[in-house]
J.: 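Below is the structure I would like to discuss, written out as structure tokens.
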Amino acid sequence: MKKLWQLGLMAILSVMLLTACGTATEDKPKTGSTPQEDVVKAEFPVTLTDAVGNDITLESAPKTIVSMMPSNTEILFELGLGTEVVGVNDYDDYPAEVLDKEKIGGMEFNVEKIVSMNPEIVFAHESGLGTGKEGLQQLRDAGIPVFVVKDATNFEETYETIEQIGKATGKSAEAKKIVSTMKEKVENIIAKTAKAAKKKTVFVETSDVPEIYTPGKNTFVQEILDMIGAENIVSEEGWVMIDSEKIVSDNPDIIVVMHDFNPDIIESVKKRSGFDAVTAVKENAIVQVDANLTSRTGPRLAEGLEGIAKAVYPEVFSE
């Protein structure tokens, strides 16, 4: 009787063991793919709606990409897609590797050259629709998927753009990580500038005399100044031309120069008529910041915020 009981128990254990082995076998990848490949496969096919309302469906991650705007290119490279990018805008200069890529033109691009590259997707930009609408349609007619990226006007829209391009290229996880890093940097900068003892007045110029242009309300620069608790001396909407006399009259604490056409621009600003009475000039508070960091709505935007924050409140960054 005891032997029968032992035999029965062994039979039950054998069945359980076989069942477990079968389950383990079924859980193993059958194709020999890596976990990363499995994640990419899971993301496709994907359908995304671009800035002009067109739905673009991608069956797999694109292996050849043309980028028509520097901000798009910077996002793609940060996502780790430098090899996949086969064509870029004439004005692309970051990162350094982009200088070796084939150029497709600027606002007026070479449709035939793009078609010859046989891209699996073209990332266009909403800001280029004025001159490029017809050319983009020619690309679509040639069977090339064209995704028009939104012209982001603030940080939140920039985050959304990065994540959208990430989805289109099978790099969603990387895109989320980029956005998370940017947000963390932004929060740290805002926390530091909140410690400033005095709210400073700022004048930002994006072009030299005789036509000095400056950003006002509803611009990226205004959002940055708001974030760091600084006051823009310009109250008009958008980008406006301003007289030197008005700058002198408003007497800003800080002057931020966001152009590099004049290699000696800091000294040149100091020598403008009447500027010797401006606080920013008297206190040597004229700082040049790379315009690309704030005009290209991509991963380096947080660096642009930091550049302006350090220009306006250097004291809180030296602690």
J.: Calculate, to the nearest 0.5 Å, the distance between atoms CD and CZ belonging to Gln164 and Phe123 respectively.
T.: 9.0 Å
J.: Would you name the heavy atoms of Asp151 and Glu126 that are closest together and state the gap between them?
T.: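 Scanning both residues completely, I find the closest heavy atoms to be N-OE1, 2.8 Å.
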J.: Is it true that a side-chain atom of Ser207 and a backbone atom of Tyr213 form a donor plus acceptor pair closer than 3.5 Å?
T.: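 Yes.
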J.: Looking at Asp253 and Lys282, is there a salt bridge between them, counting it only when a charged N and a carboxylate O are closer than 4.0 Å?
T.: no
J.: Starting from the C-alpha separation in whole Å, work towards a yes-or-no answer on side-chain contact (heavy atoms from CB on, under 4.5 Å) for Tyr94 and Thr73.
T.: CA-CA 8 Å; Tyr94 185 90; Thr73 304; over 6 Å; no
J.: Given the rule in the side-chain hydrogen bond (donor to acceptor under 3.5 Å, both in side chains) test, do Thr57 and Thr47 qualify, once you have shown the distances and angles that lead to the verdict?
T.: CA-CA 4 Å; Thr57 298; Thr47 299; 2.8 Å; yes
J.: Are Val149 and Phe155 linked, directly or through other ILVMFWY residues, by side chains that come within less than 4.5 angstrom of each other?
T.: yes
J.: Are Lys200 and Glu315 close enough for a salt bridge, meaning some N to O gap below 4.0 Å?
T.: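 Salt bridge present between Lys200 and Glu315.
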J.: Tell me whether Lys103 contacts the main-chain N or O of Lys101 through its side chain, where contact means a donor paired with an acceptor under 3.5 Å.
T.: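 Yes, because the side chain of Lys103 sits within donor-acceptor range (under 3.5 Å) of the backbone of Lys101.
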J.: Does a side-chain heavy-atom distance below 4.5 Å link Val204 with Pro215?
T.: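 Counting from C-beta outward, Val204 and Pro215 do come under 4.5 Å.
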J.: Keeping the roles fixed (side chain from Ser235, backbone from Gly216), state whether a donor-acceptor pair exists under 3.5 Å.
T.: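 Here the side-chain-to-backbone pair does not exist.
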J.: How long is the gap from CD on Glu78 to CE on Met182, to the nearest 0.5 Å?
T.: 9.5 Å
J.: Glu157 and Thr153: side-chain donor and acceptor closer than 3.5 Å?
T.: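 Yes, side-chain donor-acceptor contact under 3.5 Å.
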J.: If you measure from CD1 on Ile190 to CD1 on Ile228, what distance do you get to the nearest 0.5 Å?
T.: 9.5 Å
J.: Quick check against the 3.5 Å criterion: does Thr131 have a side-chain atom that pairs as donor or acceptor with the backbone of Met107?
T.: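 A pair under 3.5 Å: yes.
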J.: Would a hydrophobic clustering, with Ile, Leu, Val, Met, Phe, Trp and Tyr connected at side-chain separations under 4.5 Å, put Val111 with Ile104?
T.: yes
J.: Between Asn54 and Thr49, is there a side-chain heavy-atom distance shorter than 4.5 Å?
T.: no
J.: Side-chain contact, heavy-atom cut-off 4.5 Å: Phe109 with Leu136?
T.: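 Yes - at least one pair of side-chain heavy atoms lies under 4.5 Å apart.
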J.: Salt-bridge test for Glu134 and Arg140: reply yes if a basic N is under 4.0 Å from a carboxylate O, no otherwise.
T.: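 Answer for the salt bridge query: no.
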J.: Counting only heavy atoms not in Glu97 (residues, nucleotides, ligands), do more than 12 fall under 6.0 Å from its CD?
T.: yes
J.: Starting at CZ of Phe147, measure out to OG1 of Thr169 and round the result to the nearest 0.5 Å.
T.: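 The distance works out to 10.5 Å.
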J.: Can any side-chain N or O of Thr158 pair as donor or acceptor with the backbone N or O of Asn154 at less than 3.5 Å?
T.: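 Present.
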J.: Is it true that Lys177 and Glu174 make a salt bridge, defined as a side-chain N closer than 4.0 Å to a carboxylate O?
T.: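 Glu174 and Lys177: not salt-bridged.
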J.: When rounded to the nearest 0.5 angstrom, what is the spacing between CD1 in Ile265 and NE2 in His259?
T.: 4.0 Å
J.: Is it true that Lys63 and Glu84 have a side-chain N and a carboxylate O under 4.0 angstrom from each other?
T.: no
J.: If we ignore hydrogens and angles and just use 3.5 Å, is the side chain of Asn110 paired with the main-chain N or O of Glu112 as donor and acceptor?
T.: yes
J.: For Ser71 and Thr297, which heavy atoms make the closest approach, and how far apart are they?
T.: CB-N, 3.7 Å
J.: Under 4.5 Å between any side-chain heavy atoms of Ile212 and Ile242, yes or no?
T.: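 With C-beta onward as the side chain, the pair touches.
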J.: Should Phe275 and Ser244 be marked as a side-chain contact (heavy atoms from CB on, under 4.5 Å) after you check the CA-CA gap, both sets of side-chain angles, and the distance that decides it?
T.: CA-CA 8 Å; Phe275 271 56; Ser244 292; 3.9 Å; yes
J.: Can you tell me if Thr294 uses its side chain to pair, donor with acceptor, with the backbone of Gly304 under 3.5 Å?
T.: no
J.: Side chains of Glu102 and Val86: closer than 4.5 Å at any heavy-atom pair?
T.: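 The answer is no; the side chains never approach within 4.5 Å.
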J.: Taking the side chain as everything from C-beta on, heavy atoms only, tell me whether Leu81 gets closer than 4.5 Å to Lys171.
T.: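 They are in side-chain contact.
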J.: May I ask you to check whether over 12 heavy atoms, not counting those of Lys167, lie within 6.0 Å of atom NZ?
T.: no
J.: Honestly curious: do Val146 and Leu58 fall in one hydrophobic cluster under the side-chain, below-4.5 Å linking rule?
T.: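 Different hydrophobic clusters.
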J.: Ignoring hydrogens and geometry, is there a side-chain-to-backbone donor-acceptor pair from Ser116 to Lys113 under 3.5 Å?
T.: yes
J.: Is the shortest heavy-atom distance from the side chain of Val287 to the side chain of Ile308 under 4.5 Å?
T.: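 Counting from C-beta outward, Val287 and Ile308 never come under 4.5 Å.
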J.: Between Asp93 and Asn292, which heavy-atom pair has the shortest distance, and what is it?
T.: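 In terms of heavy atoms, the two residues are closest at OD2-ND2, 3.9 Å.
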J.: Test of understanding: clusters of I, L, V, M, F, W, Y form through side-chain heavy atoms closer than 4.5 Å, transitively. Do Ile266 and Val278 belong to the same one?
T.: yes
J.: List the atom of Ser67, the atom of Leu76, and the distance in Å for their closest heavy-atom pair.
T.: CB-CD1, 3.9 Å
J.: Evaluate Val202 against Glu231 for side-chain contact (heavy atoms from CB on, under 4.5 Å), listing each step before the verdict.
T.: CA-CA 6 Å; Val202 182; Glu231 181 182 346; over 6 Å; no
J.: Quick one: does any side-chain atom of Ser180 pair with a main-chain N or O of Lys176 as donor and acceptor, under 3.5 Å?
T.: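 Answer holds: no.
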J.: Transitively linked via ILVMFWY side-chain contacts under 4.5 Å: Ile162 with Ile56?
T.: yes
J.: Which is it for Asn232 and Gln222 under the side-chain hydrogen bond (donor to acceptor under 3.5 Å, both in side chains) test, yes or no, and what are the steps along the way?
T.: CA-CA 7 Å; Asn232 191 349; Gln222 181 63 60; 3.0 Å; yes
J.: Would you check, one step at a time, whether the test side-chain contact (heavy atoms from CB on, under 4.5 Å) holds for Phe203 with Lys246?
T.: CA-CA 11 Å; Phe203 168 66; Lys246 177 73 165 57; over 6 Å; no
J.: Between CG of Leu305 and CG of Leu293, what distance do you get to the nearest 0.5 Å?
T.: 10.5 Å
J.: Using modelled atom types only, decide if a donor and an acceptor are shared between the side chain of Asn72 and the backbone of Ala124 within a distance under 3.5 Å.
T.: yes
J.: Other residues, nucleotides and ligands only: do more than 12 of their heavy atoms fall within 6.0 Å of CD on Gln137?
T.: yes
J.: Which heavy atom of Asn89 sits nearest a heavy atom of Met68, and at what distance?
T.: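 Shortest heavy-atom separation between Asn89 and Met68 comes out as ND2-O, 3.0 Å.
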J.: List the atom of Ala311, the atom of Val289, and the distance in Å for their closest heavy-atom pair.
T.: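 Taking every non-hydrogen atom into account, CB-CG2, 4.5 Å.
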J.: Side-chain contact, heavy-atom cut-off 4.5 Å: Lys217 with Glu236?
T.: no
